[in-house]
Colleague: 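Take this structure, written in structure tokens, and hold onto it; I'll ask about it next.
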Amino acid sequence: MAQSQIQIFDTTLRDGEQVPGCKLNTEQKLIIAAQLEKLGVDVIEAGFPISSPGDFKSVEAISEIVKNATVCGLTRAVKKDIEVAAEALKKAKRPRIHTGIGTSDSHIKYKFNSNRSEIITRAFDAVSYAKSFVEDVEFYAEDAGRTDNEYLARVCEAAIKAGATVLNIPDTTGYCLPSEYGAKIKYLMENVKGIEKAILSCHCHNDLGLATANSIEGVIHGARQIECTINGLGERAGNTALEEVVMILKQHPYLNLNTNINTREIYATSQLVSKHMGVYTQPNKAIVGSNAFAHSSGIHQDGMIKNRETYEIIDPKEVGVTDSAIVLTARSGRAALAYRAKKIGYDLTKLQLDDIYASFLNFADKKKEVEDQDIHFIIENSHVYAQIMSA
Ligand code: KIV
Ligand code: ZN
């Protein structure tokens, strides 16, 4: 099967920044944009230029510094939005305007007080107008997850006729099941006239914890771009996490779906975004959480010490994490204690280990995690250790 390239569209600076309290200033956005380039993302959605003078300035400044990635600005299907985005993107080497409109019956009725055919006209007009400024125009059908497939296909056809290069199929409310979202992409691949002139993009939200699974189903069924954010930050429960989709594709090479991401930059990028946005990553977060490569049960630690692959499917170095961690707790066994003791300079005999292990368990029952200085203390205060060392 031929290898296919999946474009990674990072929207940390737009959808990610919509998280309450995560507002970034231009300087912070520039630092993150530079790191996103180092990470190797294909598209950086830099902001929503008409939304505020600060966002306009950030998109303009990012357009100036980004060398390789496409820089994208969001708009509604509104002429003024498109003009302002085009202005902010003027200095970008590869500018993209991302314009669109809600297509579900709920959006058509309650947001626009409109009807299906009027929405198709507005979609066509918005893409045509954006095309008069830039070659690369992405169209989003907001709430596509809850949009009837047959109607969605007609909207996509209109956007392609107007010149859209990318068709974004957002599961805006995070409603779809993976099978449903995959079927939607398959339906569009098979039923949209002119689909070969554009690529489909997955933009999934995490309201039911399915954003990553939905994006993967999307690319399995023919989409060629994933829209995602670092650490999965984004509106409400967040967006698809970049680190998750990238590592899923990497760890499942038989899917023949590749990205341009330099995975060794993942951890550094996660830390940088977390620091600037002031949002700590949960310890059990896949790939980038502090426990993602930490092993605490005795059975697992024993296996890890014998061979890392017994309990890890990713080499932590592949995502820029220095090493796996053997965390010493009351659930740890002798193997883990001996391993950690050796790391800090004690090559223990069996007799010494038996003696120290009992003290270690007493200590560990009182303390949640036993640190290196605690091990020094336990060993240096052990009778058996002292006797053997003085013999
Ligand atoms: O979730 C969504 O539908 C969006 C669009 C604006 C692309 O973020
Ligand atoms: Zn979104």
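Note that ligands are numbered from 1 as they come in the structure, with each ligand's atoms numbered from 1 the same way.
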Colleague: Taking the six-membered ring where the residue is Trp, are the ring centres of Y181 and H221 under 6.0 Å apart?
Modeller: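 Judged by ring-centre distance (under 6.0 Å), Y181 and H221 do not meet the cut-off.
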Colleague: Please determine whether a side-chain nitrogen of the Lys or Arg among E190 and K186 lies less than 4.0 Å from a carboxylate oxygen of the Asp or Glu.
Modeller: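 Counted as a salt bridge, because a side-chain N and a carboxylate O are separated by less than 4.0 Å.
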Colleague: What I want to check is whether the side chains of Q301 and H295 have a donor and an acceptor closer together than 3.5 Å.
Modeller: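 Side chains of Q301 and H295: no pair found under 3.5 Å.
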Colleague: Show me a pair-per-line table, with atom names and distances to 0.1 Å, of protein N or O atoms that are under 3.5 Å from an N or O of ligand 1.
Modeller:
unit_1	atom_1	unit_2	atom_2	d
ligand 1	1 (O)	H203	NE2	3.2
ligand 1	1 (O)	H205	NE2	3.0
ligand 1	3 (O)	T172	OG1	2.7
ligand 1	8 (O)	R14	NH1	3.4
ligand 1	8 (O)	R14	NH2	2.9
ligand 1	8 (O)	D15	OD2	3.1
ligand 1	8 (O)	H203	NE2	3.1

Colleague: Does the cation-pi check pass for R122 over F112, that is, NZ or CZ under 6.0 Å from the six-membered ring centre and within 45° of its axis?
Modeller: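 Output yes; distance and angle both within limits.
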Colleague: Which protein N, O or S atoms does the Zn ion (ligand 2) have within a distance shorter than 2.8 Å?
Modeller: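 Listed by chain and number: D15 OD2, H203 NE2, H205 NE2.
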Colleague: Atom SG of C228 and atom CG of D10: how far apart are they, to the nearest 0.5 Å?
Modeller: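 C228 SG to D10 CG: 6.0 Å, rounded to 0.5 Å.
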Colleague: Would you tell me whether Q7 and Q5 have side-chain atoms, one donor and one acceptor, within less than 3.5 Å of each other?
Modeller: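 There is no such pair (donor and acceptor under 3.5 Å, judged by atom type) between the side chains of Q7 and Q5.
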Colleague: Using the six-membered ring wherever Trp is involved, compare the ring planes of H300 and Y311 and label them parallel, tilted or perpendicular (cut-offs 30° and 60°).
Modeller: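 Parallel, since the angle between the ring planes stays under 30°.
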Colleague: Test of understanding: clusters of I, L, V, M, F, W, Y form through side-chain heavy atoms closer than 4.5 Å, transitively. Do Y140 and L200 belong to the same one?
Modeller: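 No, Y140 and L200 fall in different hydrophobic clusters.
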Colleague: Do I226 and L255 share a hydrophobic cluster (ILVMFWY, side-chain heavy atoms under 4.5 Å, transitive)?
Modeller: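 Yes.
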